[in-house]
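Just follow the structure's listing: the first ligand is 1, and inside any ligand the first atom is 1.
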Amino acid sequence: MRVLVVGASGAIGARLVPQLVDRGHEVIGTFRSAGNAGRVRALGAEPIALDLLSARAVRQAVLENGPEAIIHQATALAGVRFGRSLDRSFAPTNRLRTEGTDVLLAAAREAGVRRFVAQSFASYRYAREGGPVKTEDDPLDPSPPAMARETNAAMRHLDQAVTEAGGIALRYGGFYGAASDGLVKPVRKRQFPIIGSGGGISSFIHLDDAAAATVLALEHGRAGIYNIVDDEPAPMRDWLPALASALGAKPPRHIPEWLAGLVAGQGMVMMAVGSRGASNARAKRELGWTLRYPSWRQGFTAAYGQPESRPARA
Ligand SMILES: NC(=O)c1ccc[n+]([C@@H]2O[C@H](COP(=O)([O-])OP(=O)(O)OC[C@H]3O[C@@H](n4cnc5c(N)ncnc54)[C@H](OP(=O)(O)O)[C@@H]3O)[C@@H](O)[C@H]2O)c1
């Protein structure tokens with residue numbers, strides 16, 4: 001297929017493009033930052049510069065390049081400081097997920113593009129009730145923390161707009177697998193503590209497995225939503241010490257909920273003690289997806305190079 005990957009120069013895009021090329025697809029890859037054309041070309045795609053927030057440029061890029069499929073992987077989180085308000089940190093990404101998705105879908109419709117796949121997110125979104133692991137059919141959190149309301153609304157918008165247009169929204173787990181992963185620095189510096197019981201569940205996915213699932217969804221997924229997460233949704237009290245160990249860092253500190261609420265905000269507390277994980281059963285069943293890293297236990301070690309049992313550096 002002739003595939004337009006929007007965000008080809010990014011964390012997932014850079015894993016996805018070579019896998020698409022290996023499968024025989026012809027890839028046009030977009031980048032935003034000047035200087036990334038070479039990176040996209042080296043991945044095996046034909047590079048084009050594109051600002052997803054320019055409706056005119058998006059329309060032109062889609063009509064001129066005539067893709068049979070579009071994969072939307074654009075986010076704007078590079079260099080973002082994560083403070084108490086997730087909505088402030090995610091504001092540019094939220095625009096890419098709302099306005100950006102809408103203009104891309106409109107262009108796809110006009111150009112008669114047959115397949116559309118977009119990046120969504122699974123962790124911390126499902127209703128904080130009942131069991132620890134949720135399927136795509138389970139309800140989303142009806143009242144996310146105030147500091148994450150716009151971010152949750154943007155993800156809902158994307159899920160709904162894409163699936164109503166007959167496309168596929170991939171709710172990925174937290175990405176890991178690159179040296180620049182967001183959690184690496186704070187965990188190394190012991191700035192990411194276990195909050196309260198640390199019982200909130202997170203779902204992760206290695207970037208290579210996320211890319212593999214995306215190729216399968218493109219090739220034969222049906223319209224709708226898929227959780228693209230690993231086999232082991234896990235509480236913070238389990239995955240965070242393993243991540244620290246894999247990084248060769250000291251074990252994480254523990255802080256009480258009340259203190260985390262004051263310092264980091266209620267959104268962080270929710271993720272640490274209340275959140276639910278996601279099930280990958282549909283993606284495995286319908287896409288025939290098998291994971292190279294079925295659990296973050298092997299994946300963190302593979303990504304960061306230290307066995308889980310290695311004693312922490314003094
Ligand atoms: N599920 C998850 O856990 C998750 C989801 C998203 C991001 N992240 C993490 O966050 C970190 C940084 O994220 P990031 O957002 O910079 O992601 P990224 O994956 O590095 O880049 C996102 C892609 O979107 C492109 N882009 C940015 N603004 C755009 C715009 N206005 N129009 C069109 N394309 C645009 C970027 O182009 P240029 O690179 O050329 O500027 C890049 O190709 C990464 O480590 C990533 O793993 C995690």
Identify the closest protein heavy atom to [atom]: which residue and atom is it, and at what distance?
{"atom": "atom 41 (O) of ligand 1", "result": "Ser33 OG, 2.5 Å"}
{"atom": "atom 33 (C) of ligand 1", "result": "Leu50 O, 3.2 Å"}
{"atom": "atom 45 (O) of ligand 1", "result": "Ser180 O, 4.1 Å"}
{"atom": "atom 4 (C) of ligand 1", "result": "Phe175 CD1, 3.2 Å"}
{"atom": "atom 35 (C) of ligand 1", "result": "Arg32 CB, 3.6 Å"}
{"atom": "atom 47 (O) of ligand 1", "result": "Ala11 CB, 3.5 Å"}
{"atom": "atom 9 (C) of ligand 1", "result": "Leu77 CD1, 4.5 Å"}

Decide yes or no on salt bridge (charged side-chain N to carboxylate O under 4.0 Å, His left out) for Glu68 and Arg2, but give the supporting numbers first. CA-CA 5 Å; Glu68 297 164 279; Arg2 188 165 161 80; over 6 Å; no

Quick test of your reading of the structure: of Leu96, Ile12, Val58, whose heavy atom lies closest to atom 28 (N) of ligand 1?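 The nearest heavy atom belongs to Leu96.
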
Do ligand 1 and [X] have nitrogen or oxygen atoms that lie under 3.5 Å from each other?
{"X": "Leu53", "value": "no"}
{"X": "Ser9", "value": "yes"}
{"X": "Ala74", "value": "no"}
{"X": "Tyr172", "value": "no"}
{"X": "Val6", "value": "no"}
{"X": "Thr75", "value": "yes"}
{"X": "Gly10", "value": "yes"}

Please name the pair of heavy atoms, one in [X] and one in [Y], separated by the smallest distance, quoted to 0.1 Å.
{"X": "Gly299", "Y": "Tyr176", "answer": "CA-OH, 3.1 Å"}
{"X": "Val273", "Y": "Gly198", "answer": "CG1-N, 4.3 Å"}
{"X": "Glu136", "Y": "Asn227", "answer": "OE2-N, 2.7 Å"}
{"X": "Tyr172", "Y": "Val229", "answer": "C-CG1, 4.3 Å"}
{"X": "Phe31", "Y": "Ser33", "answer": "CD1-O, 3.4 Å"}
{"X": "Val215", "Y": "Leu16", "answer": "CG2-CD1, 3.8 Å"}

Distance filter under 4.0 Å to [X] heavy atoms, resulting ligand 1 atoms:
{"X": "Asp51", "result": "30 (C), 31 (N), 32 (N)"}
{"X": "Gly174", "result": "3 (O)"}
{"X": "Leu52", "result": "30 (C), 32 (N), 33 (C)"}
{"X": "Gln119", "result": "5 (C), 6 (C)"}
{"X": "Asn36", "result": "38 (P), 39 (O), 40 (O)"}
{"X": "Phe121", "result": "1 (N), 2 (C), 3 (O)"}
{"X": "Phe31", "result": "40 (O)"}
{"X": "Gly173", "result": "1 (N), 2 (C), 3 (O)"}

Arg23 CZ: over 12 foreign heavy atoms closer than 6.0 Å: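 Open.
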
Student check: side-chain heavy atoms of [X] and [Y] closer than 4.5 Å:
{"X": "Leu104", "Y": "Val62", "result": "yes"}
{"X": "Trp296", "Y": "Asp238", "result": "yes"}
{"X": "Gln119", "Y": "Leu158", "result": "no"}

Nearest-0.5 Å distance that lies between atom CZ in Arg32 and atom CG in Leu50: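 The CZ atom of Arg32 sits 8.5 Å away from the CG atom of Leu50.
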
Atom pair NZ (Lys250) and CZ (Arg188), whose distance is rounded to the nearest 0.5 Å: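 Between atom NZ of Lys250 and atom CZ of Arg188 there are 14.5 Å.
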
Determine, stepwise, if the pair Arg292 / Asp209 fulfils salt bridge (charged side-chain N to carboxylate O under 4.0 Å, His left out). CA-CA 6 Å; Arg292 184 165 171 202; Asp209 282 328; over 6 Å; no

Is the closest heavy atom of Ala76 to ligand 1 under 4.0 Å?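 Right, Ala76 reaches ligand 1.
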
Take every heavy atom of Ala178, measure it against each atom of ligand 1, and state whether any distance is under 4.0 Å.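 Distance cut 4.0 Å: Ala178 fails for ligand 1.
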
Check the pair Arg276 / Asp141 against salt bridge (charged side-chain N to carboxylate O under 4.0 Å, His left out), numbers first and verdict last. CA-CA 10 Å; Arg276 300 297 196 268; Asp141 190 347; over 6 Å; no

Would you say atom 23 (C) of ligand 1 makes contact with the protein, given that contact here means a non-hydrogen protein atom less than 4.0 Å away?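 Yes; the ligand atom in question has protein heavy-atom contact below 4.0 Å.
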
